[in-house]
Amino acid sequence: MAATLPLLAGALALGIPSAHAADPVPSGRAALTGTKPVWATGAADQGATAGSNRVDARVYLAGRDAKGLTAYAAAVSDPQSPSYGKYLSAAQTQQRFGATAQQVSAVTSWLKSAGLTVTGSNAHYISVSGDVAAAEKAFDTRLHDFRKGNRTYRAPQRTASAPGALADAVLTVTGLDTAPHRATHHDALPGPGPAFKNSGPFSTYYGSNIATTLPDAYGTKVPYAIKGYTGKQLRSAYGAGRYTGKGVTVAITDAYASPTMAKDAQQYAGRNGDKSYKHGQYTEVKPADYNSTEACDAAGWYGEESLDVEAVHSVAPDANIVYVAGASCNDPDLLDALNKVVDNRLADIVSNSWGDIEANETPDVAAAYDQTFKLGAVEGIGFYFSSGDNGDEVAHTGKKQVDTPANSAWVTAVGGTSLAVGKGDKYQFETGWGTLKATLAADGKSWTNFPGAYTSGAGGGTSATVNQPFYQRGVVPDSLAKANGAQRMRTVPDIAAVGDPNTGFLVGQTQTFPDGTVKYDEYRIGGTSLAAPVIAGVQALAQQARHFPIGFANPSIYARYGSPLYHDVTDHPLGKRDLAVARVDFANSVDASGGLVTSVRTLGADSSLHAVRGYDDVTGVGTPSQGYVASYGWRR
């Protein structure tokens, strides 16, 4: 294998974050590219950071063969490679690609000699703390304060560096800048504040209850929104067949951990026709302590966790689920959770319904994430990330961009659709998820400013920082891949599933109601944070069919492109006709005492993004169709 790695690296190179131009570093030093943020400009410079300020940083270790890791991760993931599926165990991966004791010792000595205190270390990084002067000495840069928006943050004045002798040992350093590196969960469509309930009327399947007393939309009466699809309906729509995920383990990472999750999941399964959890089928891995609970809105993550766990179990009822909690919503803690999965090979598939905008990502953090994803790929672990809930992000941030870590070339980015499952659990159609909302006029005879304003939709588009990976060549059209310039770049998503909260999933959770009562209740929810665990569940079914880990799935997903194994989703699946549903909500989110709000929600209107025939930046290659799951069993 060693002899073929150089060829594999050239043939199968995946897109990597494009490094920002590094400042020149002194002779004998090795640049840690990407450690100076793009917002740390001369115009924004507010002067030197006070020397007494504390610096907490992580120096990530490159391991003994960084290039070999990239090549091997690509080779074992590509069905066209002779090394496909030749995964290593966690111990073998560490032995072959992990940092050596000599590297750790040398990096530790360097950091200590600069005056920094080592506060911890593991297989991935060495954490240090100290004053500004010590950090400046260690990384041969100056730390200044810079304006970023309406706030001021610390950052290196020039690219940080390490001693040249340690160039092969140090991957990057994080923590020199203090701008937030914080993920948000994608369940705010809607999310249970303290408590949330749906009002109704509802449709039990798409089109079962037509809003005959409400005004027309697009020249016709429209159905009421779904009460919330269940596992039986989703399994039928995406071709589960006889497969249940038996023998496969799915990990879910989020920040924090709901204290009622296990009980809620069991109650939900019993009430909605899912299999009861067997002893040990659901487990949790928690950190010793939590932090940033107010800044991260810790309780707000409980709904995300409930959605992720219950969606995976509904689609893959025999799969084991391990919930791995991050100590906060900050990148270092979420990275720690992901590394626990990799270091202990806790799962085959990892579902992640959280992220941030690409503009907030820095190359140093991206490099740390990518190293984890590559290590996972070598072990046969696949990572799935929701693509975001704000379409092209213009309405949300004022700038067209994608989300991260979904932009990584080493993960499967999952987009969202509006799903119509009809009578008898029959798949009818899907559109790209993108919602326009108009409320009912006071006289009840029309919709105000119909079709209304854009509210939400599946995230997608073209990365500004990650080059196009090999598996997208010949599939993603240049109109998308070159949207930002002459260079072909990573485009997201890769695949999709139901995400529209108006055709969403029924979820159960213990909530706190306004009268102080704490009780279990159920509500409909959506977002690409639904799509990601649904696809994770589908992939668990596919792995059961394959009888072997799928690992990093993108090469296999794109190899099936253009076949009947996918629903080719478009914004107008029924011809030129526009589609919409009616929805009635409690104004106060819990009961009718505050009145009702009636609206019409247009389907298939995702900001500037469009679901079209073939690959698109709303649904990727499409959604799993009948035969997709079983197709993984065709190759032995």
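We count residues from 1, following the sequence as given.
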Do you know the tightest heavy-atom contact between V618 and G432?
CG1-CA, 3.7 Å
Would a 4.5 Å heavy-atom cut-off, applied to side chains only, mark M261 and E310 as touching?
yes
Flag, side chain of T100 to backbone of Q103, donor-acceptor distance under 3.5 Å
yes
Mind checking the CG-NZ spacing from D168 to K67? Nearest 0.5 Å is all I need.
8.5 Å
Quick one: side-chain contact (heavy atoms from CB on, under 4.5 Å) partners of A406, sequence neighbours excluded?
F385, A413
Going by salt bridge (charged side-chain N to carboxylate O under 4.0 Å, His left out), name the residues that satisfy it together with R58, two or more places apart in sequence or in a different chain.
D336
Short question: side chain of S83, backbone of A75 - any donor-acceptor pair under 3.5 Å?
no
Residues which pass ring pair (Phe, Tyr, Trp, His ring centres under 6.0 Å) with Y282, listed by chain and number, not counting sequence neighbours
none
Holding to side-chain contact (heavy atoms from CB on, under 4.5 Å), I want the full list of residues that pass it with Q487, two or more places apart in sequence or in another chain.
N467, M489
Option among L171, T70, L335 that satisfies the side-chain contact (heavy atoms from CB on, under 4.5 Å) test with Q371
L171
Have Y632 and Q543 got a donor and an acceptor in their side chains that come within less than 3.5 Å?
no
Candidate pair N352 and L338, rule side chain to side chain contact (heavy atoms under 4.5 Å, CB included), full reasoning
CA-CA 10 Å; N352 310 273; L338 293 172; 3.4 Å; yes
Would the distance check show the side chain of D78 and the main-chain N or O of A74 forming a donor-acceptor pair, the cut-off being under 3.5 Å?
no
Test side chain to side chain contact (heavy atoms under 4.5 Å, CB included) applied to Y125 and T172, step by step
CA-CA 9 Å; Y125 61 81; T172 190; over 6 Å; no
Exercise: do S386 and S529 side chains pair donor with acceptor under 3.5 Å:
no
Quick one: list whatever passes ring pair (Phe, Tyr, Trp, His ring centres under 6.0 Å) with F139, sequence neighbours left out.
W110
Minimum side-chain heavy-atom gap I349-Y384 below 4.5 Å:
yes
Heavy-atom check, side chain of V118 versus side chain of V128, under 4.5 Å
yes
Walk me through whether R488 and D478 qualify under salt bridge (Lys or Arg N to Asp or Glu O under 4.0 Å).
CA-CA 7 Å; R488 291 185 178 91; D478 279 352; 2.8 Å; yes
Straight-line distance of D389 CG to T528 OG1, nearest 0.5 Å:
4.0 Å
Are S314 and D274 close enough that a side-chain donor and a side-chain acceptor fall under 3.5 Å?
yes
Could you tell me the separation between the OG1 atom of T623 and the CG atom of L565, rounded to the nearest 0.5 Å?
11.5 Å
Ring center gap for F552 and F373 short of 6.0 angstrom
no
Can you name the side chain to side chain donor-acceptor pair (under 3.5 Å) partners of T249, sequence neighbours left out?
none
Ring centre gap for Y256 and Y290 strictly below 6.0 Å
yes
Might you point out which heavy atoms bring L61 and N122 nearest each other, and give the distance in Å?
CD1-O, 4.2 Å
Quick one: are V315 and F505 in side-chain contact, heavy atoms under 4.5 Å?
no
By salt bridge (charged side-chain N to carboxylate O under 4.0 Å, His left out), which residues pair with D318, not counting sequence neighbours?
K275
Looking at CD1 of I126 and OG of S105, how far apart are the two atoms once the value is rounded to the nearest 0.5 Å?
9.0 Å
Could you work out, with side chain to side chain donor-acceptor pair (under 3.5 Å) as the rule, every residue matching S276, not counting sequence neighbours?
Q266
Checking S258 against E305: is there a side-chain donor and acceptor pair closer than 3.5 Å?
no
Quick check against the 3.5 Å criterion: does E430 have a side-chain atom that pairs as donor or acceptor with the backbone of A497?
no
May I have the step-by-step check of side chain to side chain contact (heavy atoms under 4.5 Å, CB included) for Q544 and V629, ending in yes or no?
CA-CA 9 Å; Q544 180 190 6; V629 167; over 6 Å; no
For the residue pair R182 and C329, what are the closest heavy atoms and their distance?
CG-SG, 3.1 Å
Do D65 and Y72 come close enough that some side-chain heavy atom pair is under 4.5 Å?
no
Which heavy atom in A540 sits nearest to a heavy atom in V250, and how many Å separate them?
CB-CG2, 4.0 Å
Trace of the side chain to side chain contact (heavy atoms under 4.5 Å, CB included) decision for V411 with Y369
CA-CA 10 Å; V411 308; Y369 272 114; over 6 Å; no
In Å, rounded to the nearest 0.5 Å, how long is the span from CH2 of W354 to OG1 of T184?
10.5 Å
Flag the pair V621 / R560 as yes when at least one side-chain heavy-atom distance between them is below 4.5 Å, and no otherwise.
no
For Y558 and R490, which heavy atoms make the closest approach, and how far apart are they?
OH-NH1, 4.4 Å
Please tell me whether D364 and Y60 have a donor and an acceptor in their side chains that are separated by less than 3.5 angstrom.
no
May I ask you to test the D494-Y471 pair for a side-chain heavy-atom distance under 4.5 Å?
yes
Which residues share a salt bridge (charged side-chain N to carboxylate O under 4.0 Å, His left out) with K246, sequence neighbours left out:
none
We want to know whether S353 and D308 form a side-chain donor-acceptor pair, criterion being a heavy-atom distance below 3.5 angstrom.
yes
Could you grab the distance from atom CD of E304 to atom CG of D254, nearest 0.5 Å is fine?
5.0 Å
If only side-chain N and O atoms count, and only distance matters, is there a donor-acceptor pair under 3.5 Å linking D356 with T404?
no
Name all residues meeting the side chain to side chain donor-acceptor pair (under 3.5 Å) criterion together with E358; count only those two or more places apart in sequence or in a different chain, and write none if there are none.
N407, S463, T465
If the condition is side chain to side chain donor-acceptor pair (under 3.5 Å), which residues does S236 pass it with, not counting sequence neighbours?
none
Does R345 have any salt bridge (charged side-chain N to carboxylate O under 4.0 Å, His left out) partners at least two apart in sequence or in another chain, and if so, which?
D348
Short question: side chain of T119, backbone of S127 - any donor-acceptor pair under 3.5 Å?
yes
Between H181 and E361, is there a donor-acceptor pair closer than 3.5 Å when you use the side chain of the first and the backbone of the second?
no
Side chain to side chain, Y628 and Q539, heavy atoms closer than 4.5 Å
yes
Mind listing the closest non-hydrogen atom pair of A377 and S77 along with its distance?
CB-OG, 4.0 Å
Judged by atom type as modelled, is there a donor-acceptor pair below 3.5 Å linking the side chain of N484 to the main-chain atoms of T462?
yes
